[in-house]
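Everything on this sheet refers to the single structure shown next.
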2 protein chains.
Amino acid sequence: MKTTKISEAVVRRLPIYLRYLTHLHHMNVKTVSSQKLGDILDINPAQIRKDLAHFGEFGRKGIGYEVDYLIEKIKQILKLDQEIHVALIGVGHLGHAILNYNAYLKENMKIVAAFDVDPQKTGEVVAGTTVYHLDQLGDIIEEKAIRMAIITVPAEAAQEVADRLMQTRIKAILNFAPVNIKARDDVRVHHTDVTTELQSLSYYL
Amino acid sequence: MKTTKISEAVVRRLPIYLRYLTHLHHMNVKTVSSQKLGDILDINPAQIRKDLAHFGEFGRKGIGYEVDYLIEKIKQILKLDQEIHVALIGVGHLGHAILNYNAYLKENMKIVAAFDVDPQKTGEVVAGTTVYHLDQLGDIIEEKAIRMAIITVPAEAAQEVADRLMQTRIKAILNFAPVNIKARDDVRVHHTDVTTELQSLSYYL
DNA sequence: TAGATTGTTAATCGATTAACAATC
DNA sequence: TAGATTGTTAATCGATTAACAATC
């Protein structure tokens, strides 16, 4: 099918599929049905088929989906078939943790530079990634062809950092600061934050 | 209105409202309209009114919402008017970062115990929180009246940890491991994971 | 062939938004 | 009073699920 308007819900499920398909690949499984996938991931099989059908006919009737082929296709859709360089801004505790997580990101995604306003941290190397001063943001992003950014600064500084990022080529931001960041229409911002998650979970106690 | 069946989408917005209302409180703002709230948070004002109306009539026609009163009400709804003790399982990089985040959780939420399988880590104190061996999970959860858990172990261990948690009084789990955890109907599990977030963002590049 | 499973249409369900009477 | 803003109903929009012909 043609790429009309793909909803965010669909896009958010693709990495979930990819994750389990990769697991199946390592288990040497060759083929999987939407039924099996749905059982494991707690997602309706019809929804999985529909999600995938947005992007093409990847399965075979009577058989299911070929694991390796589907992995390849989903990676293409998510642009994970190319190297994606990521910047991280804010080398506090959370920033540190994510930098240490770098090796796990795999799928061609890599944090290649970190930034902080603290001159003490500048020049430091955290888990293999150099920390630059925030003033170098534009230059390094250009130099290292960085396309995505992770914000792990305090809430008060987040919008300012986002504004600086929007003066660069960055088109996607993952914001961990507990504040709603305003961005232009052509820049995609996702928010995630431990406190908010825990507070909404608390409702169900 | 009566508490019929509140959707997850509504529950997830409540902490967002609470966060900004708390900000307004610190700014000494007394009253706010759904219009203003919506502008700042990028949420439709009608939706905000509807979300809140699920739980009662908190506003005043022609005036808006009284900030302090609404804060109090949302805290009640989210059960944040009581002390909520949280356990963290898996003291790796991410676990460390979240433990250091503890002070920021506020709103009566507190990580009071950490667990790990590594005997080397047992007894250690991270950011004020003692690390216990996983074998003590049930005992400590009982002793410290813990009601929520954060899983930050590797993917392979996550389901096993969840299974152990389900033998305790825990009814809400925040899972950072990149795997879909299966749980009983009476246990609420939310998933969050940096890799998945980054991969779905990548689609928009 | 018979059984399995896709891709897709139609039906259902639920969530968001618009509109407005009530009222501060 | 006039203007502002809620709570709520009705309209819209979109996402999920069921069902099934096509076909491996």
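Below, chains carry the letters A, B, ... as their sequence lines are ordered, and counting in each starts from 1. Source: prediction; values computed, not measured.
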Close N/O contacts between protein and nucleotides 18-21 of chain D (under 3.5 Å):
from	atom 1	to	atom 2	distance (Å)
D:dA18	OP2	A:Asn44	ND2	3.4
D:dA19	N6	A:Arg49	NH2	3.1

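Salt-bridge formation is not detected for the pair A:Lys73/A:Asp68: no Lys NZ or Arg NE/NH1/NH2 atom is positioned less than 4.0 Å from an Asp or Glu carboxylate oxygen.
Applying the ring-ring contact (aromatic ring centres under 6.0 Å, His included) test to pairs two or more places apart or on separate chains, those with a residue in residues 129-175 of chain B are B:Phe115-B:Tyr132.
Pairing for C:dC20 goes to D:dG7, judged as Watson-Crick or G-U wobble with the two contacts each under 3.5 Å.
Counting only heavy atoms from C-beta on, A:Gln47 has its side chain closest to D:dT16 among D:dT16, C:dT6, C:dT8. Comparing D:dT6, D:dA15, C:dT16 by their nearest atom to the side chain of A:Ser7 picks out D:dA15.
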For this session: Begin with the C-alpha distance, continue with both residues' side-chain angles, and end with the deciding distance and a verdict on side-chain hydrogen bond (donor to acceptor under 3.5 Å, both in side chains) for B:Gln199 and A:Arg12.
Result: CA-CA 8 Å; B:Gln199 289 185 352; A:Arg12 285 191 167 278; over 6 Å; no

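Looking at heavy atoms from C-beta onward, A:Ser34 lies in side-chain contact with A:Tyr65 at the 4.5 angstrom threshold.
A residue-by-residue look at B:Arg60 and A:Ile43 shows that B:Arg60 has its nearest nucleotide of DNA chain D further toward the 5' end.
For A:Arg13 and D:dA15, the CZ to P distance is 9 Å, given to the nearest whole Å.
Residues A:Arg184 and A:Met166 share a closest heavy-atom pair of NH1-O, 3.1 Å.
Neither OP1 nor OP2 of C:dC24 sits under 4.0 Å from any side-chain N or O of B:Tyr65.
Heavy-atom neighbours of A:Lys171 NZ from other residues, nucleotides or ligands within 6.0 Å: above the threshold of 12.
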